[in-house]
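Computed over heavy atoms, backbone and side chain alike; hydrogens, waters and symmetry mates excluded. Counting convention: from 1, in listed order, for ligands and their atoms alike.
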Amino acid sequence: MKFFIDTANLDDIKEAYDLGVLDGVTTNPSLMAKEGITGEANIKAHYKAICDIVDDNVSAEVISTEYEAMVKEGRELAKIDDKIVVKIPMIKDGVKAIKTFSDEGIRTNCTLIFNAGQAILAAKAGASFISPFLGRLDDIGANGLDLIEQIVQIYDNYEFETEILAASVRHTTHLIQCAEAGADVVTCPLKVITGLLKHPLTDSGLAQFLADYAKGNK
Ligand code: E4P
């Protein structure tokens, strides 16, 4: 299972990378705006800065929504670094662009997936990753995890090579449920990754070990 961090914050990316468990980064226009990164040149420079931290798999999202413009923009993003994965929304022109990128050997992440039909279409077009948004489905009273399980089964049935990148993962339980369901990748904020470290019995057990060592080594 791969861990991606879902942020454009360089400090968070460095912290997760230094932990030694990070396989990639996902961003989106909202996350870039949150870091105050605006303007084409600054956005490209920021993607490059992210690529310089991690080993691979940096999703960079296109803003265009029409086929020709998406392909032009995606090719430009892909030129930034070999680690770039072009992130494309699940819309008609996006599916066509994914097919073009697949033919050109440019990796893609099809984002904003909310049902199994969209997941099938993206895989047929040759997406490298698809991003079903768990948390946002939960937000509207649906069950995001059901969708992950359904896509895992469908992709297994047909041996689709597209990787299931569970997105909008909001807490450690989500992450563990995605692992149980067989998602290939999860993307989540730093606090979800570091949240995996925590158990009160680990803390109290370590405190006891250290106290006993101190007693015996006065
Ligand atoms: C995925 O690529 C998205 O950036 C992200 O996971 C969305 O998460 P949110 O629903 O918490 O904004």
Side-chain angles (χ1 to χ4, degrees), residues 1-13 16-17 21-38 43 46-47 50-51 53-54 56-65 70 73-74 77-78 83-91 94-95 97-98 101 106-115 118-119 121-123 127-148 151 162-179 181 183-196:
M1 180 183 217
K2 292 176 189 150
F3 279 8
F4 292 177
I5 190 167
D6 194 33
T7 185
N9 183 283
L10 298 181
D11 291 335
D12 283 3
I13 294 168
Y17 183 77
V21 298
L22 194 68
D23 302 292
V25 180
T26 51
T27 60
N28 62 40
S30 306
L31 293 171
M32 294 294 267
K34 192 174 161 196
E35 298 306 317
I37 315 296
T38 55
I43 289 172
H46 200 74
Y47 284 137
I50 294 173
C51 289
I53 298 171
V54 299
D56 198 9
N57 298 312
V58 176
S59 282
E61 187 159 343
V62 299
I63 304 303
S64 315
T65 54
M70 281 173 137
E73 193 184 343
L77 290 171
K83 298 173 189 173
I84 292 285
V85 176
V86 179
K87 201 170 180 188
I88 306 277
M90 171 36 78
I91 55 176
V95 172
I98 288 167
F101 288 130
I106 292 175
R107 293 179 296 164
T108 53
N109 171 2
C110 185
T111 190
L112 294 166
I113 296 279
F114 290 98
N115 66 36
Q118 294 176 324
L121 204 50
S128 315
F129 301 93
I130 54 143
S131 291
F133 279 37
L134 257 84
R136 292 193 193 186
L137 281 168
D138 290 357
D139 288 345
I140 60 158
N143 186 336
L145 190 66
D146 284 350
L147 176 60
I148 301 294
I151 300 171
T162 301
E163 292 188 60
I164 301 166
L165 194 177
S168 190
V169 166
R170 306 264 177 80
H171 46 72
T172 55
T173 305
H174 263 163
L175 189 153
I176 293 162
Q177 288 170 330
C178 287
D184 300 291
V185 191
V186 285
T187 191
C188 54
L190 178 64
K191 69 171 189 216
V192 178
I193 298 175
T194 55
L196 296 174

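Two residues are said to be in side-chain contact when any heavy atoms from C-beta on lie closer than 4.5 Å; R170 and V192 fail this criterion.
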Derivation and outcome, side chain to side chain contact (heavy atoms under 4.5 Å, CB included), residues Q118 and L112: CA-CA 9 Å; Q118 294 176 324; L112 294 166; over 6 Å; no

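Side-chain contact annotation: E61 with N28, donor-acceptor N/O pair under 3.5 Å absent.
D56 and K2 are not joined by a salt bridge, as no carboxylate oxygen comes within less than 4.0 angstrom of a charged side-chain nitrogen.
When the side chain to side chain contact (heavy atoms under 4.5 Å, CB included) test is applied to A166, the partners found at least two apart in sequence or on another chain are L134, I148, V169, C178, A183, V186.
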For ligand 1, output the ligand-protein N/O contacts shorter than 3.5 angstrom; if there are none, return none.
unit_1, atom_1, unit_2, atom_2, d
ligand 1, 2 (O), K87, NZ, 2.6
ligand 1, 4 (O), D6, OD1, 2.9
ligand 1, 4 (O), D6, OD2, 3.4
ligand 1, 4 (O), N28, ND2, 2.7
ligand 1, 6 (O), D6, OD2, 2.7
ligand 1, 6 (O), S168, N, 2.7
ligand 1, 10 (O), R136, NE, 2.7
ligand 1, 10 (O), S168, OG, 2.7
ligand 1, 10 (O), R170, NH2, 3.0
ligand 1, 11 (O), R170, NE, 2.9
ligand 1, 12 (O), R136, NH2, 2.8

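The shortest heavy-atom contact between P132 and I151 is CG-CD1, 3.9 Å.
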